[in-house]
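Presented below is the structure to which this report refers.
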Amino acid sequence: MIKKLESLAAAVAFAEAGLLDEAKELACDIEVAAKSPNRKFLIVSENRMISKNLVTYAMQLSERMQYDIVATHAINEKMASGLAEGGMKQAVNRLAKDFLALYRELAAHARMIGVECHHLLSKGSAYAAIENVYHHVGGVEFAIVQGSSPLGLGVTSSLPLFVFKEDGR
């Protein structure tokens with residue numbers, strides 16, 4: 001229920017930014033992801049856009065494994081509070097809008113190879129996003145976290161976690 005509300009809040013942010021088609025897609029995406037019987041993996045980034053390199057890697061991995069992709073942006077309070085008034089809304093709008101072109105490319109590739117992709121925005125840490133998606137969307141088998149993750153040492157996750165590091169980051 002909470003995840004659905006977060007997705008609906010993100011959909012409202014899309015609509016307020018004038019991206020009506022994307023708002024409609026996002027509002028039902030958590031339900032679609034949960035209904036898909038396919039095996040899935042997550043790609044997760046906290047407080048920054050998922051990189052093109054990670055999207056490309058995810059597309060190739062999905063094609064080889066025939067897994068759905070759930071791209072998840074985690075936006076924590078620290079990022080939101082660093083922005084002006086309306087910080088969380090502004091952070092959601094910025095990430096959603098910046099990721100839109102990459103998401104469209106990811107979705108087109110997924111359709112072409114016969115899998116699905118979903119984009120979720122989650123308030124909180126990458127760890128909390130992983131746990132929420134794992135518990136609310138069935139069939140998620142592992143997560144790939146972008147960069148040197150702020151998940152921290154000693155964090156236990158319900159899923160196997162892998163880190164995607166880019167050169168120099």
Q | Between Glu46 and Ser125, a side-chain donor and acceptor under 3.5 Å | A | no
Q) Where do Met59 and Leu106 come nearest, in terms of heavy atoms and distance? A) CG-CD1, 3.3 Å
Q) For the atom pair CE (Met49) and CG (Asp98), what is the distance rounded to the nearest 0.5 Å? A) 6.0 Å
(Q) Working note: Asn132 + Ser122, criterion side chain to side chain contact (heavy atoms under 4.5 Å, CB included); need CA distance, chi angles, decisive distance, verdict. (A) CA-CA 9 Å; Asn132 283 335; Ser122 182; 4.3 Å; yes
Q) Quick one: does Glu116's side chain get under 4.5 Å of Lys40's, heavy atoms only? A) no
Q) Rounded to the nearest 0.5 Å, what separation is found between the OG atom of Ser45 and the CZ atom of Phe99? A) 9.0 Å
Q: Quick one: closest heavy-atom pair of Ala129 and Ala74, and the distance?
A: CB-CB, 4.0 Å
Q) From His136 NE2 over to Glu131 CD, what is the distance, rounded to the nearest 0.5 angstrom? A) 11.0 Å
**Q.** Aromatic plane relationship, His119 with Tyr103 - under 30° parallel, 30 to 60° tilted, over 60° perpendicular
**A.** tilted
Q: Indicate, with yes or no, if Leu54 and Met65 share a hydrophobic cluster defined by side-chain heavy-atom contacts under 4.5 Å among Ile, Leu, Val, Met, Phe, Trp and Tyr.
A: yes
(Q) Main chain of Ile50, side chain of His73: is a donor-acceptor contact present, judged purely on distance under 3.5 Å? (A) yes
Q. Do Val70 and Ile43 have side-chain heavy atoms sitting under 4.5 Å apart?
A. no
Q: Check for a donor-acceptor pair, side chain of Lys165 on one end and backbone N or O of Val163 on the other, with a separation under 3.5 Å.
A: no
Q.
Within the 4.5 Å heavy-atom criterion, are Phe41 and Leu61 side-chain neighbours or not?
A. yes
Q. Could you state the interatomic distance from OG (Ser62) to CD1 (Ile69), rounded to the nearest 0.5 Å?
A. 4.0 Å
Q: Give a yes or no on whether the backbone of Val55 and the side-chain of Glu105 come within a donor-acceptor separation of less than 3.5 Å.
A: no
Q) Within a strict 4.5 Å, meaning less than it, do heavy atoms of the Gln146 and Arg48 side chains meet? A) yes
Q: Go through the steps to decide whether Glu141 and Leu159 satisfy the test side chain to side chain contact (heavy atoms under 4.5 Å, CB included), and finish with yes or no.
A: CA-CA 6 Å; Glu141 297 190 2; Leu159 293 171; 5.6 Å; no
Q | Test log, rule side chain to side chain contact (heavy atoms under 4.5 Å, CB included), inputs Tyr67 and Val115 | A | CA-CA 6 Å; Tyr67 275 38; Val115 298; over 6 Å; no
Q | pair Ile144-Tyr57: side-chain heavy atoms closer than 4.5 Å | A | yes
Q. In Å, rounded to the nearest 0.5 Å, how long is the span from CG of Leu161 to CG of Leu42?
A. 9.0 Å
Q. Counting only heavy atoms not in Phe142, do more than 12 sit closer than 6.0 Å to its CZ atom?
A. yes
